[in-house]
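Written out below as structure tokens is the structure these notes cover.
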Amino acid sequence: MAPTAPHLFDEILEEIFLRLPTPAGLARASTASPRFRRIIAERSFLRRFRALHPPPLLGLAIDKGGFHPAEEHHPSAPLARALADAADFSYSFVPKPDKAWLTPWYLRDVRDRRILLECSCRFDIDPVFTNLAVCDPLSRRYVLLPPIPEEMTVQQERLVEFAPMLVPIGEEEEETSFRVICTPRYKSKLVMFVFSSITGQWCIAASPSWSSLGIVEPPCNGLSHFNYVRGCFYWPALWKDKLLMLDTRLMEFSIVNILTGYHVQLINQPGQSVCMSTIVDGTEGALEMFTLVGSYSYATFHLYHTTQQNNGESPKEWQLKNVIALPPQCHYFAVGATERFLFLRCIRIAQWDDNAHGLLPEDNEFDLFSLDVKTSELKKVCRAKHYYPPNLVHSYFGFPPSLSKPSL
């Protein structure tokens with residue numbers, strides 16, 4: 001009998017490895033032999049494995065508060081410790097522009113194991129365009145982005161707000177490529193600047209006026225608060241009754257009306273405050289939302305889970321799917337979301353200062369929880385220090401360091 005060809009044996013091993021239930025099991029298999037390690041470390045194999053086994057949540061990063069790995073009670077704790085030991089989340093390997101008035105690098109977004117960093121002037125009162133970099137804290141590789149060309153910005157109005165974000169890798173894109181979108185907001189319009197790592201250049205992808213979107217200028221800032229779902233960014237904090245949406249496949253802005261169906265009833269509940277709405281990925285591709293509603297006087301909070309349904313010829317309306325009662329005697333704040341999880345900051349009532357509407361001065365730590373949007377399971381991820389003003393929380397998903405290849 002002829003021996004099995006080596007490439008066929010490798011293919012059989014791939015199929016076996018794909019059936020391992022967890023990334024931790026895959027990491028252990030990779031240490032068994034050099035051949036196993038070579039097969040498992042291939043990008044093509046890891047892409048297939050990720051499609052079947054979404055990478056676990058390893059920790060949470062706060063804009064100016066560092067990285068917080070999942071703690072002992074969390075199922076990802078061993079992998080999170082391995083990541084924290086191997087990676088540099090102080091970003092000391094990224095050279096800072098040689099200017100004394102600039103801040104250290106701080107985090108603005110996390111996606112596909114990449115971190116988008118910003119370095120700004122310590123003394124700027126008005127919004128300005130800042131220095132940006134993209135890095136991989138595990139491999140310690142980085143890319144310093146060039147400034148947005150002055151000829152693209154000089155013709156614009158006075159800047160009101162500026163927010164950069166990372167675009168997730170597309171299915172057909174190289175894993176080492178990336179794009180950064182910057183959405184400066186002006187009094188009469190939005191502009192979308194896009195940087196591509198392939199060309200190494202910025203371009204203007206869109207520049208709609210508020211009137212062309214059928215709306216007036218937002219009454220408050222909120223571009224830093226966004227969610228990403230199935231190719232689209234959503235901004236929930238600009239208006240109470242609308243969302244700004246950016247479709248990254250078409251590179252087009254549009255408006256989503258959220259004040260329909262059950263949401264009309266939701267905002268009119270007596271004695272309750274609507275704290276924050278967050279877009280998530282629903283079942284069968286539906287757009288769904290979690291709205292945090294509660295009373296700070298009584299420390300009772302609920303999450304209202306709604307879904308946008310299309311009733312025949314009528315416009316899509318929001319319908320109630322579930323109501324989740326959060327553990328009592330705590331104040332909750334929605335601080336971030338992914339397609340799989342909603343993240344909540346929890347301050348126990350014993351830590352709460354009614355006068356400051358926040359933590360007591362002598363107690364500057366809070367708990368961070370994740371809510372699985374499919375199962376509604378609430379888990380404590382970690383404990384973190386409070387920073388003022390309260391910053392956004394970004395999730396870090398990934399495989400064990402032994403299975404990770406540089407993302408840049």
Side-chain angles (χ1 to χ4, degrees), residues 63 108-109 116 118 120-121 124-130 132 147-167 180-195 202-229 231-261 263-264 266-268 273-279 287 289 291-292 308 315-316 318 333-337 389-392:
D63 281 6
R108 290 304 303 264
D109 197 9
L116 176 62
E118 184 177 47
S120 58
C121 179
D124 282 327
I125 299 175
D126 295 325
V128 294
F129 292 100
T130 55
L132 298 172
I148 299 174
E150 187 175 350
E151 60 267 22
M152 292 185 184
T153 62
V154 71
Q155 300 176 2
Q156 312 298 340
E157 307 165 7
R158 185 181 69 83
L159 188 63
V160 175
E161 193 179 2
F162 171 78
M165 65 205 78
L166 276 167
V167 182
V180 173
I181 289 178
C182 288
T183 52
R185 169 190 159 193
Y186 302 94
K187 182 174 179 58
S188 66
K189 63 181 178 180
L190 273 174
V191 177
M192 176 172 36
F193 297 116
V194 180
F195 174 83
W202 290 94
C203 70
I204 297 179
S207 182
S209 64
W210 296 116
S211 59
S212 70
L213 294 172
I215 51 175
V216 297
E217 182 190 9
C220 57
N221 291 350
L223 285 181
S224 294
H225 297 257
F226 56 82
N227 311 128
Y228 178 84
V229 178
C232 296
F233 285 98
Y234 294 88
W235 287 269
L238 294 170
W239 302 273
K240 291 184 178 180
D241 59 347
K242 301 178 184 67
L243 300 172
L244 177 66
M245 183 185 82
L246 168 62
D247 189 324
T248 61
R249 295 154 297 192
L250 303 175
M251 288 298 174
E252 290 181 356
F253 288 102
S254 59
I255 299 298
V256 177
N257 184 11
I258 61 173
L259 199 56
T260 64
H263 286 177
V264 177
L266 186 61
I267 66 169
N268 293 315
S273 299
V274 176
C275 306
M276 176 64 79
S277 296
T278 305
I279 290 288
L287 196 62
M289 182 182 291
T291 302
L292 180 63
Q308 195 179 51
K316 292 180 179 180
W318 293 92
F333 305 84
V335 292
N391 297 97
L392 290 178

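Of the inter-residue distances, the one linking M152 atom CE with C182 atom SG reads 11.5 Å to the nearest 0.5 angstrom. Distance check, rounded to the nearest 0.5 Å: CG of L132 to CG of L166 gives 9.5 Å. Between N257 atom CG and Q308 atom CD the span is 9.0 Å, to the nearest 0.5 Å. Interatomic distance, M165 CE to T183 OG1, rounded to the nearest 0.5 Å: 3.5 Å. Rounding to the nearest 0.5 Å gives a distance of 9.5 Å between CG of L266 and CD1 of I258. The CG atom of L243 lies 5.0 Å from the CD1 atom of I279; values are rounded to the nearest 0.5 Å.
A parallel orientation is assigned to the rings of H263 and W318, their planes being inclined by less than 30° (bins at 30° and 60°). Classified by interplanar angle (parallel below 30°, tilted 30° to 60°, perpendicular above 60°), the ring pair F195/W202 is tilted.
E161 is not listed as a side-chain neighbour of P218, based on a closest heavy-atom distance of 4.5 Å or more. With contacts defined as side-chain heavy-atom distances shorter than 4.5 Å, the pair L292/T278 does not qualify. Between L246 and I181, the closest side-chain pair of non-hydrogen atoms falls below 4.5 Å. The shortest side-chain heavy-atom distance between E217 and K187 falls under the 4.5 Å cut-off. When side chains are defined from C-beta on, L287 does not count as touching C232, because their heavy atoms never get closer than 4.5 Å. The side-chain heavy atoms of I255 and L244, taken from C-beta on, include a pair separated by under 4.5 Å. The closest side-chain heavy-atom distance from M192 to P208 is not below 4.5 Å. Considering only heavy atoms from C-beta on, F233 comes within 4.5 Å of W235 through its side chain.
Residues passing the side chain to side chain donor-acceptor pair (under 3.5 Å) test with S207: none are found, sequence neighbours excluded. Residues that satisfy the ring-ring contact (aromatic ring centres under 6.0 Å, His included) test with Y234, not counting sequence neighbours, are absent from this structure.
A donor-acceptor pair under 3.5 Å is formed between the side chain of W210 and the backbone N or O of Y186. In this structure, the side chain of S209 does not engage the main chain of K189 through any donor-acceptor pair within 3.5 Å.
Taking each heavy atom of Y228 and T248 in turn, the nearest pair found is OH-OG1, 4.4 Å. Among all heavy-atom pairs drawn from P184 and F193, the shortest one is CG-CE1, 3.4 Å.
Here salt bridge (Lys or Arg N to Asp or Glu O under 4.0 Å) pairs that include residues 231-241, with residues two or more places apart or in two chains, number zero.
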